[in-house]
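Notes follow once the structure below has been shown.
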2 protein chains.
Amino acid sequence: MARGVVSSDGKRKPITARELARMIGVSQSAVSRAFTPGASIAPELREKILKFADEQDYHPNAIASMLSKSRTNIVGIVVSDMSNPFYPALIQKLSQGLQRIGLQSLLFNITKGSNIEEQLSALRRYNVDAVIVISATMLSGATLHWATEGRAAILINRVVEDADINCVCCDNVEGARAIADHFHALGRRRVAYVSGLSHTTTNLERQNAFITRVAELGMTLTGRVDGGEYSYEAGRRAALEIASKGNTDAIFFANDILAVGGIDALREDSGKRVPEDISVAGFDDIPMAAWPHYALTTFRQPLDEIVTVVVGMLEDGSCQPGQPSSVKRISGGLIVRQSTGPLA
Amino acid sequence: MARGVVSSDGKRKPITARELARMIGVSQSAVSRAFTPGASIAPELREKILKFADEQDYHPNAIASMLSKSRTNIVGIVVSDMSNPFYPALIQKLSQGLQRIGLQSLLFNITKGSNIEEQLSALRRYNVDAVIVISATMLSGATLHWATEGRAAILINRVVEDADINCVCCDNVEGARAIADHFHALGRRRVAYVSGLSHTTTNLERQNAFITRVAELGMTLTGRVDGGEYSYEAGRRAALEIASKGNTDAIFFANDILAVGGIDALREDSGKRVPEDISVAGFDDIPMAAWPHYALTTFRQPLDEIVTVVVGMLEDGSCQPGQPSSVKRISGGLIVRQSTGPLA
DNA sequence: ATATGACTTGCATACGCATGCAATATGAAC
DNA sequence: GTTCATATTGCATGCGTATGCAAGTCATAT
């Protein structure tokens, strides 16, 4: 099984289509066509070439292919915060979904401090076919436009109204209302809301829908605390603040990681029983929510469906520039666990 | 500010070095050199070209550059399990570290089910400059060799003895011994060990070092349970199994996610007090370990140092094929929290 | 037997940048 | 003024694949 030449420095020099073609006695185009689905080539010749290619360990050079096709099959994934377990879970499913249709994931992990456009410059230099932004925040509208301008782009879990951008997002309104209804059904009447980053669209949607529904149901909003970040610690602080007032019997946290912190603080620092004294609900359904210790009632973000929709848009080209942009709302589902219960 | 031509389908066609050169009245080579650090070009000309480039929004096409330099500046990162929070944290720091030296991260999220070589085929087609494998398992030795053959490669947190491969790994022996010593100092004498995947090198090293040290200190190993996976649930099951025997006063879990599950199970299902009845220690120091609810004593993996070392190896080329491979052990540190304490 | 068309195949070139080499310019030394 | 070394610059070509076009093959229809 002849392999590519190995030079003195140990690097393998793979054989090229031209070399393979010469061995077989066909043109380099034939080799290219053998590897191109739907290309004009006789089935027998394709078979023969693929067989030789396999023997010679020939693989088409994706770089050269990119250059001539000006298509990279690479999707840039922009993330800013992997500390919320929701994101790793999403990224994992997403990258696997992309891989399934032959797309690779170039990860852009942006940091607060330094120049973001500089961090994203590779997005443009590398000519990624599409950009998927999972970062809830961190990107100003201008930066977002700069990064996505002229190429396929999808925001996940973030909605930008004015801009002409595709968004795929869980139905936050549905979720927030479901939580409010659930609280109401349990007999809870004095409820509070805890936000993570108050200006993110996910938060605004959940918050507004929750507060609106709470009012519709005739419940009392006893508090609205902004944690300042989506973190366990922020959840703790917010819970303590609410508990100290003593007039709340149910809290809806903007997401699970906040809620988890909240539960621990309520039980361990405020001496409250969850769910008896205060019921707690979150949003996302991260793995941790299912842990018996938390058994967190939450509104599940349908990761698989979100990924399916995103991959579908990439596949059918409906997110290409020039196409009308759309905002797709994916329906989630209320998951009732033991962090909520009827009023004692 | 002239930008690239926008064709009817909305895609931007960036201007090329040749076009920019023509505008300025220099050769295309000059433009190339202006963007190449250390190239032979007059400082004033470089300035002038960069200024024009900025005005015209010209960016070197990385794809074309890859083709001619046969260097992609892309590092393939192979991961298999993002459900353990340790990995997202590592990936985040790693990708940021790589970015700092101009390398991009192509993420390969491999799945158990299907053909792994197929999942990794893009590693070769895309000519990544280097491969970093963070997957503790999932890759057989043969696949590992296939994936890394002939290119720079580094395994993180996994050591392969026979193969000629670079490894960067926390000092598991140091950590396991530190835990054993800590248990001993607290007066614990009947200790147990819980593994995740028993055949992984991280596990074997921690397990052997722990058991050896336990024997040296004259302590009794009351149990050794294999969880079968690194997960919260596995930790729970193992803890329950150990607790049911009632003869153990300290458990060392192979990593934090197991330990966290163990703590919850001990407290909530076995009615044990942690740390009074059973002390619990983990390994990694994931963010969760610091949560007050767990306050997990653990051995910290020095993420920043690991990343620094890996990035350094990539930068100085010491992980290039042809160079002698090395196994670098990074020293960690014992973090004592409240999940361990003196015998009641 | 010739024409028509459907398929295959090879040729030649484009893709955009990097770089060895030759050419030119600049300045210093004599 | 001349010579030589150094610093810049342009020219021309290579990197490996994709693809429009023309040429070729073959079978069926006329």
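In what follows, chains are A, B, ... by sequence order, proteins preceding strands, each numbered from 1.
Between Asp129(B) and Thr72(B), the side chains place a donor N or O and an acceptor N or O closer than 3.5 Å (distance only, hydrogens not considered). Side-chain polar atoms of Asn166(A) and Ser325(A) form no donor-acceptor pair below 3.5 angstrom.
Spacing between atom CD of Gln28(B) and atom P of dT8(D) amounts to 19 Å, rounded to whole angstrom units. Nucleotide dT17(D) holds its P atom 15 Å from the CD1 atom of Ile63(B), rounded to whole Å. The CZ atom of Arg125(A) sits 12 Å away from the P atom of dC17(C) (whole-angstrom rounding). Atom CD1 of Ile15(B) is separated from atom C1' of dG16(C) by 12 Å (rounded to the nearest Å). Atom CE of Met66(A) and atom C1' of dA14(C) are 18 Å apart (whole Å). The interatomic distance linking Asn61(A) (CG) with dT17(D) (P) rounds to 5 Å, in whole Å. Atoms CD (Glu19(B)) and C1' (dC15(C)) sit 12 Å apart, rounded to a whole Å. Rounded to whole angstrom, the span from the CG atom of Asn73(A) across to the P atom of dT17(D) amounts to 15 Å.
For Thr36(A) against dT19(D), a side-chain-to-base donor-acceptor contact under 3.5 Å is absent.
When ring centroids are compared, Tyr58(A) and Phe35(A) come within the 6.0 Å threshold.
Contact check, Ser32(B) against dA18(C): a side-chain N or O comes under 4.0 Å of OP1 or OP2. Between dT17(D) and Tyr58(A), a contact under 4.0 Å exists linking OP1 or OP2 to a side-chain N or O.
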Dump every N/O contact between nucleotides 4-9 of chain C and the protein below 3.5 Å, one line per pair.
unit_1: dT9(C); atom_1: OP2; unit_2: Ala42(A); atom_2: N; d: 2.8

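Using a 4.0 Å heavy-atom cutoff across all strands shown, Thr16(B) reaches sugar-phosphate atoms only and no base atom.
Mapping Lys69(B) and Ser29(B) onto DNA chain D via the closest heavy atom, the residue that lands nearer the 5' end is Ser29(B).
Once rounded to the nearest 0.5 Å, the distance linking CD1 of Ile132(A) with CE of Met313(A) reads 9.5 Å. Distance check: Asn73(A) CG to Arg125(B) CZ gives 8.0 Å after rounding to the nearest 0.5 Å.
Among the candidates Val131(A), Ile165(A), Val310(A), Ile154(A), the single residue satisfying the side chain to side chain contact (heavy atoms under 4.5 Å, CB included) test with Cys319(A) is Ile154(A).
In this structure, the side chains of Met66(B) and Arg71(B) stay at 4.5 Å or more apart for every pair of heavy atoms.
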